[in-house]
Structures are given as structure tokens and as C-alpha cells.
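All residue numbers in this chain count up from 1 along the given sequence. This is a predicted model, so every value here is computed, not measured.
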Amino acid sequence: MKMSLKGNVALVALVLALSPALAAQAAQPKFGTWGVDYPGMDKAVKPGDDFWSYANGTWNRTTQFAPDRASAGVGVVLADQAEIDVRDIVDGLAKDPNASGVDRKVGAFYGAWMNQAAIDAAGTRPLQPYLAKIDAVKTRDDLVRLFATPGYAAPIGVGIIPDFADPTHYVAFAGQADLGLPDRDYYLLPGAKYDAIRAAYRAYVVKIQQLAGFADAQARADRIIALETRLATDQWPVAKRRDIQAIYHPMDRAKLTALAPQFNWPLFLDVQGLGNIPTVIAAETSAITAAGQRLDDVPLSTWREYLAYRFVSDNASVLPKAFDDARFDFYSHTLNDVPVQRERWKRGVQMVNGAMGEAVGQAYIARHYPPESERQMAELIENLRSAYADKIGHATWMDDATRKEALAKLAAFEPRTGHPVKYIDYSTIQISPSDPLANAINAQDFQWKLELSRLGKPVDRSLWTMTPQTVNAYYNPLMNQITFPAAILQPPYFDPAADPAVNYGEIGAIIGHEMGHGFDDQGRKFDASGHLRDWWSKGTSDSYTARAQRLVGQYNGYEPIPGTKINGQLTLGENLGDLGGLEASYQAYRHYVAEHGEPKVIDGYSGDQRFFLAFAQAWRSKRREGALRQQLLTDPHSPAEFRVNGIVRNVDAWYAAFNVKPGDKLYLPPEERVHVW
């Protein structure tokens, strides 16, 4: 949470925004008597020492991970409910003999996946046509041709996105592709933990090949892993890849050829349907160059082995149970410490969401999204916009010219809530009622053709990158849009019956977080219309960067796992979003208080205390150690505990609300607190 500019507009309390009839129906908050879960707190912890544990400590100690989950928390609870809701939809379609159109396709996709007996009976037969294409690779051009075919792995990936320099039109974007392990660090970091992971990965590569019937699986695994390790060494670290300007290199075909001359770019682009495109944006340039060199120094036979292994591994979940179990055992059990495979229907729901998510989402919205939620969110968003306008207007480190541009960008923010105004047309996707592997490949092919169809046309601002049934939210800097799917607009994040302070601390901070991404270390590089343009004066930019780097320094010092710290540069954008979002939401709450009067103390907690408690409980989440390690190495979001403790210690109002003093573990002297907005 990939959560009027003029005048001192108060953020109207959600309970007051309800019609009398709806207010009567929603009189009781889901949590406690005013929206916060008392039993989950640990009042023995001093707020100034560990605020996350004060708000969530008992929950943290007593809540067990579901055996099929890598994490636990409020987001998981909502995601589980969304899965149940979607299951009702897709299971019904799979059993409906009269289903037609996209409903029939959704039902057929889910039904084919759920028929484990048929999948097992088919064995490796569905693999053979795809593996035959790999066996047919005899030349480097044959290899490049397969790299460009949907469903096959490649060292260079291509996508279609709006152009950073002109987001009104689409452009092709090329960069380093995924490897077998989650990130380059898993191949390269020293230490017993990573040695064990690499040994387990080798065993997995061997196992997958043995199941597929490949001869000499041990030696093949060594060659495959040696190739992946070389690619990993050449790839950019994930923190470096966040730098928008570092990954923006428009190139014509001549420059692409010079960048990686071993790669037959005309052939590659032509097979992908990009034969007429004059320019491609090259992202991680040195990694692309190195990938080309690997075509020179790695034998074709090794590339064939790599492609065959990756095809089987990437599609193991739609193959017989032994393949599926092997993939779970490594990727979920070994890497993320998850002991039990998720029930088949749950994984089927996620696969349908990935393949035809908006078709499912349209039905989900009809059943589970009241229009009143959309109206209330619109009010919240506009009032958070006002709070940000006040903060930008009073930022003493910002000069007037930059402030004017910032306010223009804020005014241009386009909010979207609930669901798209139009849904993807799935009429051309090919779905088999009996071949889940074909369905998985066809879904990839459909998605690529959908992206290709947009080239040469104006950018469609109505598109969403999340489904309505996704428990998340996002900001898109190229469109200057903030998007809140329907599934996140539920308690505890959004509860019309809760105390106003609670809603400000939860959904208000989420809204503020997503708005804050427009001004984080990378989002700030885009202007009001989404163009990549430097609209900051040098002095203001230097002041901003100095503040941001102080936050980097704070987060670099946090060590969630002994020996593995948070990467403050990787997580900077999300940390800035958290900090700005909380401060903007708090200011909006104080506007509400100024208009409606200081709220009474409830159960011994002031309004400000309830605000911060709600914020901390919104991040009630924890992960198994393996999943936490993967998050620290690959994810731009800090672990939940530090999204609370690392933020509130920079917020002056939190110190006042809980009487935090020198000597408390989270205490920072005023001059060391980071204030951006």
C-alpha cells in the first residue's frame, strides 16, 4: 500500500457522513466499542518504548499463523474473506451448465484446475508440445525466438507501459527478467543460511527435472544454477532499480544492437509483435549488455536445459501433484517457512484472479460493494487533499515556485475507488475445460496481446492494475492516480460505525500514504500530468533529499532478523508515504476537532491517543522468518512493526499524546525527527 485545495476544510467524520438509515444499521463498530481491539493490546509495554507492541503485543503473542500462510494480520483476515467471496462466485460458475460467455470461461478455468484426478492422469503429456519447441532450438536465433514467446523464460523481459517522458502514449520497456530464486541476493550473499537455501534450491532443480523425465538431472542442475548465478551477478540490486531516472534510456534499434549485439533485436521484437516500434526504453542497461554476452559464452545446450527447467518449474502448480508438491516444498516451505500447502480451492481462486480477475471482480462488486462506501471515500480523499495542501503551503523548506508546482500536482490527483468504470473484455481468451496448463499459457498470451493492442493508441486512464477483490491500494505516478479497491474498504481499515479518530488513523492514513507517493523520493520526479520532469528548484530538492536521507539512516539501523537489516534506501518511498500519510491524516483529524470540538475521553484514551492506536492496529501483521527475510531482501515495504515504531517516533503529536520522554526507547530529540511535510 503497493492507501478542495483552498480553505480549512474539516474532514467530516464517517459516522456523520452516513444517512440516518445506514447509521442505524452500522451502529456498532466491528472491533470493540469504538473501533480498537482492547484484548489485542499489551498495556504492560510502555508506549514510548515499543508502540507497536503496546497496541498489538497480546495479539502478537497469542495469534498463531495459519498453517498454510506465511503471514498473519488484519490484511490476511480480509484477504481470506475475499477468497471465500470469490470462491462462491467461481465455484457456482464451474457447476453451472448454462453459464455462457466470460462466465463459462471463468467456470471452465476454475473447474479444470480443481480436477486434480484428471491432471494426475494426464501426467507429463500436456508438457510435451511446449518442451518440443525447446528441443527444436538449434541456433541462437531459434533461442531468441523462444525468448520472445509468451510462456517461456528469458534473460530480458519486455512490457508495454506509458512513456515516462510522455505518459499519453504507450512504449515498449525492456529490462532484466526474473530468475529461479526471488532475487540476486539469494545467489550471492554469504553465510550458512544462504548456503542452505542454495543447496535446497539445487535439490529442487534436480527434483523438477527428474519428475519431468529429464536425463542426467544432477549435472543439468549444476549447469542451470551456474547460468542463473552469472545472470544474478550481472543484474542490478533491487534498491538501484527503484531509481526512475537510472532505468529510463530510450533507444532506437541501432542503440539496442550496440547495447547487446549478440541479441537479434529485430527478430526478438518482431516475434513479440513489436516489429514496427521505433524505440524501446532500456532499463538496467549493464544487465542487458551482460545478458547478451551470456548468449556468446553459454552453450545453446545449457540454454535449452535452462528453458526446459524453467517452463516446468514455472508451471508446476498446474501439473500432477508431485510437481505441485515439489514447488510448494521449496518456494513456500523452504523459503517462507510455510508448513502446509494451501487448500486447492484457495489456490484456484488466486489463479482465476490472476488470469481473469476483472471478470470475477465485476461479479464481486455486484455482491459485496455498497455504493455508499464510494461516496464516503470521495469525501475522505478530498479532505486529505486539503490537509496536504495545508502542509505543502506551510513547508518552510520549499520555495514558492516549487510549491506552486506541488499544489498543482496535488490538485490534479485522480482518485479511483471500488472498481474500474469499465472492465477488461475477455471474449478472445481461449480456455479449455480440461487442460489447466494450456489455460495458464493462454492467459499469459492473452495478457500480452492485450498490452500489444494498446500500442499506437492514447493511454487508457481507466485501466486498473489491481482487481476490485484485492486487499491493497496504490499510486500510479504516470497517471497521477490513487486507487483503492473495494476489498480494502472494510473494517478495520474503513468502518463507518467507528470513532472518527479511528477512521482518521486507519483509512485516513492509508489515503494519505497513497497521496504521499506522489511526493516520495521517486514519485516527486513526475509532474502533475505524469511526465518525468524535474520541477524542483535545486535548493528545495537538496532540502528534500537531506530530510529523506535522514529517514534512510534511521531505517538502516533496524534489524528485524539478526544479521539482516532493513534497507533504508529500498524502503524509502514506502517509509516516506507512511510518514507523510500519518502526518496529513492527523492534521485532517485536528481540522475535524477544530470544527466539532475536542472529543471526550473514552475508556481513558483521548482522541489523539485513539488516532495513533488505530494507526498502529491497522499495521497488525507479522511474518514467518523465511517470509520476513524475503521481504527484507526484495520488498520496498518495511516490516509492519517498523511501519509503526519507525514512523511515530518522528511525529511530534505522538510524543504529546503518550507523554513520551527522553529515556524512552523510541524517543528522538526534536532535531533528529524527520519532517518532510
Side-chain angles (χ1 to χ4, degrees), residues 1-3 5 161-167 239-248 381 384-415 473-483 509-555 568-585 587 636-638 647 650 674-677:
M1 237 178 287
K2 266 203 60 273
M3 301 212 133
L5 284 172
I161 63 171
D163 190 348
F164 290 3
D166 180 7
K240 183 178 179 181
R241 296 172 67 196
R242 286 192 65 250
D243 186 339
I244 294 296
Q245 290 160 321
I247 62 169
Y248 185 75
I381 290 167
L384 260 295
R385 196 193 309 249
S386 294
Y388 262 113
D390 284 348
K391 297 190 80 63
I392 292 170
H394 291 93
T396 58
W397 52 271
M398 178 175 274
D399 68 276
D400 289 341
T402 308
R403 190 188 328 277
K404 182 178 179 181
E405 292 259 19
L407 290 171
K409 181 171 185 177
L410 182 67
F413 269 24
E414 180 187 353
Y474 69 94
Y475 171 73
N476 182 347
L478 293 169
M479 300 292 101
N480 201 21
Q481 293 169 331
I482 51 175
T483 303
I510 292 171
I511 295 168
H513 171 98
E514 298 306 335
M515 286 185 166
H517 276 313
F519 303 101
D520 71 21
D521 64 309
Q522 298 305 313
R524 76 182 187 92
K525 297 177 180 179
F526 295 85
D527 65 16
S529 60
H531 290 74
L532 182 62
R533 177 174 70 84
D534 187 2
W535 48 271
W536 294 66
S537 70
K538 185 180 185 307
T540 295
S541 179
D542 289 346
S543 294
Y544 177 97
T545 300
R547 286 166 167 76
Q549 288 305 305
R550 286 170 57 202
L551 199 62
V552 170
Q554 288 183 16
Y555 275 83
Q569 197 64 51
L570 170 61
T571 58
L572 178 58
E574 298 298 331
N575 297 336
L576 287 167
D578 285 341
L579 179 59
L582 182 62
E583 291 199 316
S585 186
Q587 180 160 323
H637 299 83
S638 298
I647 296 301
N650 289 292
V674 176
H675 300 288
V676 178
W677 300 113

**Student:** How would you list, by chain and number, every residue that makes a side chain to side chain donor-acceptor pair (under 3.5 Å) with Lys409, sequence neighbours excluded?
**Tutor:**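 Applying side chain to side chain donor-acceptor pair (under 3.5 Å) to Lys409 gives none.
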**Student:** Sequence neighbours left out, what passes side-chain contact (heavy atoms from CB on, under 4.5 Å) with Lys240? Give chain and number order.
**Tutor:**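 Listed in chain order: Trp236, Pro237.
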**Student:** What orientation do Tyr475 and Phe413 show, parallel under 30°, tilted 30 to 60°, or perpendicular over 60°?
**Tutor:**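 Answer is tilted, since the angle falls between 30° and 60°.
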**Student:** Heavy atoms only: give me the nearest Glu405-Arg533 pair and the separation to one decimal.
**Tutor:**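 The answer is OE1-NH2, 3.0 Å.
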**Student:** Verify side-chain contact (heavy atoms from CB on, under 4.5 Å) between Arg242 and Asp521, making sure each step is shown before the conclusion.
**Tutor:** CA-CA 9 Å; Arg242 286 192 65 250; Asp521 64 309; 2.9 Å; yes
**Student:** Measure across Pro167 and Pro162 and return the closest heavy-atom pair with its distance rounded to 0.1 Å.
**Tutor:**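 Pro167 and Pro162 have their closest heavy atoms at O-CB, 3.9 Å.
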**Student:** Would you say the side-chain atoms of Gln554 and Asn575 include a donor-acceptor pair closer than 3.5 Å?
**Tutor:**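 No, no side-chain donor-acceptor pair sits under 3.5 Å.
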**Student:** Could you tell me the separation between the OH atom of Tyr388 and the CG atom of Leu407, rounded to the nearest 0.5 Å?
**Tutor:**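 It is 13.0 Å, given to the nearest 0.5 Å.
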**Student:** Using 0.5 Å steps for rounding, measure from the NE2 atom of His675 to the CG atom of Leu551.
**Tutor:**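 So the NE2 of His675 and the CG of Leu551 are separated by 11.5 Å.
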**Student:** Distance alone, cut at 3.5 Å: any donor-acceptor contact between the side chains of Glu574 and His517?
**Tutor:**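 Present: a donor and an acceptor within the cut-off.
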**Student:** Using 0.5 Å steps for rounding, measure from the CE atom of Met479 to the CZ atom of Phe526.
**Tutor:**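 Separation between the atoms: 10.0 Å.
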**Student:** With sequence neighbours excluded, tell me which residues meet side chain to side chain donor-acceptor pair (under 3.5 Å) with Glu414.
**Tutor:**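 By the side chain to side chain donor-acceptor pair (under 3.5 Å) rule, Glu414 matches Arg461, Gln481.
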**Student:** Classify the ring geometry between Phe519 and Trp677 as parallel (under 30°), tilted (30 to 60°) or perpendicular (over 60°).
**Tutor:**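 Ring orientation, 0 to 90° scale: perpendicular.
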**Student:** With side chains defined as the heavy atoms from C-beta onward, is the minimum distance between Trp536 and Met398 less than 4.5 Å?
**Tutor:**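 A side-chain contact under 4.5 Å exists here.
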**Student:** Could you pull out the closest heavy-atom pair between Ala406 and Ile392, with the gap in Å?
**Tutor:**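 Closest pair (atom of Ala406, atom of Ile392, distance): CB-CG2, 3.9 Å.
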**Student:** In Å and rounded to the nearest 0.5 Å, what is the OG1 to CG distance from Thr571 to Leu576?
**Tutor:**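 The CG atom of Leu576 is 9.0 Å from OG1 of Thr571, to the nearest 0.5 Å.
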**Student:** With salt bridge (Lys or Arg N to Asp or Glu O under 4.0 Å) as the rule and sequence neighbours excluded, what pairs involving residues 539-555 come up?
**Tutor:**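 Matches after skipping sequence neighbours: Lys538-Asp542.
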**Student:** Hey, what do you get for CG (Leu384) to CD1 (Ile511), rounding to the nearest 0.5 Å?
**Tutor:**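 The CG atom of Leu384 sits 5.0 Å away from the CD1 atom of Ile511.
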**Student:** Restricting to non-hydrogen atoms, name the atom on Lys525 and the atom on Asp243 that form the minimum distance, rounded to 0.1 Å.
**Tutor:**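 Looking at all heavy atoms of both residues, the closest pair is NZ-OD1, 3.3 Å.
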**Student:** Measure from the side-chain N and O atoms of Asn480 to the backbone N and O of Ala528, and report whether any donor-acceptor pair falls under 3.5 Å.
**Tutor:**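 Yes, because the side chain of Asn480 sits within donor-acceptor range (under 3.5 Å) of the backbone of Ala528.
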**Student:** If we only count heavy atoms from C-beta on, is the Met515 to Ile381 side-chain gap below 4.5 Å?
**Tutor:**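 The answer is yes, as the side chains (C-beta and beyond) meet within the 4.5 Å cut-off.
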**Student:** Looking only at heavy atoms, what is the nearest atom pair of Gln549 and Leu572, with distance?
**Tutor:**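 Shortest heavy-atom contact: NE2-CD2, 4.3 Å.
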**Student:** Of all residues at least two apart in sequence or in a different chain, which pass the side chain to side chain donor-acceptor pair (under 3.5 Å) check with Thr540?
**Tutor:**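 By the side chain to side chain donor-acceptor pair (under 3.5 Å) rule, Thr540 matches Asp399, Ser537.
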**Student:** Closer than 3.5 angstrom, by distance alone: can the side chain of Asn650 be matched with the main-chain N or O of Val674 as a donor-acceptor pair?
**Tutor:**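 Here the side-chain-to-backbone pair exists.
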**Student:** Sequence neighbours left out, what passes side chain to side chain donor-acceptor pair (under 3.5 Å) with Ser529? Give chain and number order.
**Tutor:**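 So Ser529 forms a side chain to side chain donor-acceptor pair (under 3.5 Å) with Asp527, His531.
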**Student:** For Ala165 and Tyr248, which heavy atoms make the closest approach, and how far apart are they?
**Tutor:**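 Answer, listing the atom of Ala165 first, then Tyr248: CB-OH, 3.2 Å.
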**Student:** Just how far is it from atom CZ of Arg403 to atom CG of Leu410, taken to the nearest 0.5 Å?
**Tutor:**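 Result: 13.0 Å between the selected atoms.
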